[in-house]
Amino acid sequence: MIIGTAGHIDHGKTTLVKALTGVDCDRLKEEKARGITVDLGYAYTPTLGFIDVPGHEKLIHNMLAGATGIDFALLVIAADDGPMPQTREHLEIIELLGIRRGAVALTKSDLVVPQGDFLRSAVDRLERAKSEIAELLAGTGLAGAPVFPVAATTGAGISELKAHLETAAATAEAHAADGGFRLAIDRCFTLSGAGTVVTGTAVAGTVRAGDTLLLSPPGRPVRVRSLRVQDTAAESGRAGQRIALALAGIEKAEVERGMWIVAPTLHAPVRRFDARVRVLAGQPALRHWTLAHLHLGAADVPARIALLGADEIAPGGENWAQISVDRDVGTLAGDRFILRDAAARHTIGGGTVLDIFPPSRKKRSPERLALLAALADPDPAAALQLAAEQQPAGVDLPPYAKNRNLDAATLAALCHRLQLKVVGDTAFAPVNWQALSEKLLAALAAEHQRAADMPGVERDRLRRLTLPTLSRPAFDALLAAPLQDGRIAQTNAWLHLPEHRVQMASTDRDLWQTLKPLLAAEPYAPPRVRDVARATGMTEDSLRALFKRVARIGEVYPVAHDHYFTAEAVADLARRVAALNARDGCARAAPLRDEIGGGRKVAIHILEFFDRIGYTRRVRDTHVLRGSPEQFGS
Ligand SMILES: Nc1nc2c(ncn2[C@@H]2O[C@H](COP(=O)(O)OP(=O)(O)O)[C@@H](O)[C@H]2O)c(=O)[nH]1
Ligand SMILES: [Mg+2]
């Protein structure tokens, strides 16, 4: 359990941590000289981990860097002083960060504790301090937290407080360590023998010596040489622990407080994200496009707040917002953040990250706001369900999983629970999948009506008629069922309803039957129109017209000018091009020629034909597969 101190400057936080652990957190020369805490301090006992924070109002950014990953707040209030401005501000921050466990140390109680005749008034002061504290905490997550009067100077009350913290740690809920590893870096230094060392609180996942992780946002790979957990050598560490990682592959100069060490799949630097923002009761209303300081993880960056659901957020209120920053930050949905004013003088509010991949359009639409509400639900199922219902073309699962740090097994279980239809990386709500299937059949019937003399519709055109934004693999999966059960038939490249039949005129059919063997004899180098004319004695014009009619029903293809290939030959070539793509990542003329023989020019014509009909896409001198060989029938 990570305990963070909180409270006004000089109220005795550092002294108290020393009394509890024996460790003096004020180790910097400047801290010693000025007698105040400037930066974060760390102290560990075998069971407890402390982060000691500065109380000075100008050092809140350092306090915030340490506040990520605190489980338990130790609010320090000096008995002789009572709650002061940073007592309140730290308490507000604890509240905004969602920290709901804590205790109050009423320090310097020796200064108000009784000597002789003053007994009575001293007891009064202690009681008054306690009731002030109760009032301060009322309505916050720490309401009803126990108050421990202590005196670090005499040691009074220290063992009671320590026992309480140990019980709290023993009964604390273990952090779930599923998902990829994430650690917010709050310190970086070089250690002779270990090299570059970063420390921070792990907020998700587990880490082991030897792991390869990424420094994010820079996206630099690093290898974990060794690690220490709560300042003790360890083989592995997990979410909820303070961890020091000795890293290979990076210099200290490349690392800054505020960066993250993450599992490679979680690297997602962003410049904007959607969030739920809450404004503190004592602050002015938050206007659209307000400039502020965003404190997220251990980072601190200037940010703009665009309001999505209202013109302003009233004091004490909350609403949806899009937060933009002008340099990359690392964050994931569920992260808490604090907003301070542009001059960094006071805390305005804070919130929770909901979506690190917000849409670029319709960001204020009612559907989007409903989705944000679902994203705010801690159960990831709520948002996935709604997103699947809202998106007829399906939900793209990888960004969804990255946003919520869901591993593959968790994501699969979630899709299963919601009974989503999953095709590759896309998930469909069952109602939408059903509706798409109906639309597909209706589109086909409508096309038959519109163009009764056409043998059918080509696969890619039918996909666009069904839903232009539907991916090809999803359309293929959608088409599989009706093709299988006979509600749709395929003849060559044409998809059609089984009852829809376009026949060639019988004279054409007879003629084509006699010509087809000529083309089929040399499937990859069939005779051209001119050659067929010479062989048969027919005129080139009548042959050209015949081939055009045969091409309309899909039994031949004009691969090049006056050069027709049979549908079987084209289907076979399409499979070869797909195989070359699977092997080489693209198709090129030379390897295709090696397979089919003949000249290089024919191979080029074939590949250019596939580009023209959209089966492949030309990328420099290569041809990258776009379609699937099934579209040519078999
Ligand atoms: N009399 C008395 N003085 C204390 C006690 N705790 C801290 N102090 C003094 O209060 C001053 C501030 O303490 P420090 O721990 O640095 O406060 P911080 O700014 O909250 O970390 C120091 O001079 C301490 O010696 C206490 O319990 N009793
Ligand atoms: Mg201090």
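Indexing begins at 1, ligand by ligand and atom by atom, following the structure's order.
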Discussion item. Taking 4.0 Å as the limit for heavy-atom contacts, which would you say applies to D10 with ligand 1: side chain only, backbone only, both, or neither?
Written reply: both
Worksheet item: When you measure from atom 18 (P) of ligand 1 to each heavy atom in K18, K13, Q86, which option holds the nearest one?
Response: K13
Worksheet entry | More than 12 heavy atoms of other groups within 6.0 Å of R345 CZ | no
Discussion item. With the threshold set at under 4.0 angstrom, would you say G7 reaches ligand 1 through any of its heavy atoms?
Written reply: no
Worksheet item: Is atom 27 (O) of ligand 1 less than 4.0 angstrom from at least one protein heavy atom?
Response: yes
Worksheet entry | N or O contact, L16 vs ligand 1, cut-off under 3.5 Å | no
Fill in: Under 3.5 Å side-chain donor-acceptor pair for T196 and T190
no
Worksheet item: Considering residues, nucleotides and ligands other than R100, do more than 12 of their heavy atoms fall under 6.0 Å from its CZ?
Response: no
Discussion item. Can you tell me if R364 has over 12 outside heavy atoms packed within less than 6.0 Å of its CZ?
Written reply: yes
Item to complete: Evaluate whether atom CG of D379 has more than 12 neighbouring non-hydrogen atoms of other residues, nucleotides or ligands under 6.0 angstrom away.
Response: yes
Item to complete: Check for a donor-acceptor pair, side chain of Q385 on one end and backbone N or O of A381 on the other, with a separation under 3.5 Å.
Response: no
Item to complete: Please check if atom CD in E254 has more than 12 non-hydrogen atoms from other residues, nucleotides or ligands closer than 6.0 Å.
Response: yes
Discussion item. Taking the basic N atoms (NZ, or NE/NH1/NH2) and the acidic carboxylate oxygens, is any pair closer than 4.0 Å for R271 and D328?
Written reply: yes
Worksheet entry | Closest approach of any protein heavy atom to atom 10 (O) of ligand 1, naming residue and atom | K108 NZ, 3.1 Å
Fill in: ligand 1 atoms in contact with A151 (distance to a heavy atom under 4.0 Å)
27 (O)
Fill in: Interatomic spacing from OH in Y44 to CD1 in I51 - rounded to 0.5 Å
6.5 Å
Discussion item. Which of the numbered atoms in ligand 1 are under 4.0 angstrom from any heavy atom belonging to T14?
Written reply: 15 (O), 21 (O)
Response to the item:
At a cut-off of 2.8 Å, protein N/O/S around the Mg ion (ligand 2) gives T14 OG1, T37 OG1
Discussion item. So for atom NZ, which belongs to K32, do other residues, nucleotides or ligands contribute more than 12 heavy atoms lying within a distance under 6.0 Å?
Written reply: yes
Worksheet item: Considering residues, nucleotides and ligands other than E132, do more than 12 of their heavy atoms fall under 6.0 Å from its CD?
Response: yes
Discussion item. Among all the protein's non-hydrogen atoms, which is closest to atom 17 (O) of ligand 1, and how far away is it?
Written reply: G12 N, 3.0 Å
Worksheet entry | Any N or O of H11 closer than 3.5 Å to N or O of ligand 1 | yes
Discussion item. So for ligand 1, is S109 a polar contact partner (N or O within less than 3.5 Å, distance only)?
Written reply: no
Discussion item. Less than 3.5 Å apart, any donor N or O on the side chain of T47 or E166 sitting next to an acceptor on the other?
Written reply: yes
Item to complete: Would you mind listing which atoms of ligand 1 come within a distance below 4.0 Å of any non-hydrogen atom of T15?
Response: 6 (N), 7 (C), 13 (O), 14 (P), 15 (O), 24 (C)
Discussion item. Please check whether V150 reaches ligand 1 - meaning an N/O of the residue sits under 3.5 Å from an N/O of the ligand, judged on distance alone.
Written reply: no
Discussion item. A quick test of your reading: do over 12 heavy atoms of other residues, nucleotides or ligands sit less than 6.0 Å from CD of E312?
Written reply: yes
Item to complete: Select one of side chain, backbone, both or neither to describe which atoms of D52 lie under 4.0 Å from any atom of ligand 1, heavy atoms only.
Response: neither
Discussion item. One thing to verify: whether D335 and R182 come together as a salt bridge, which I'm taking to mean a side-chain N less than 4.0 angstrom from a carboxylate O.
Written reply: yes
Discussion item. Check contact between L111 and ligand 1, using heavy atoms of the residue and a distance below 4.0 angstrom.
Written reply: yes
Worksheet entry | Non-hydrogen atom of D110 closer than 4.0 Å to ligand 1 | yes
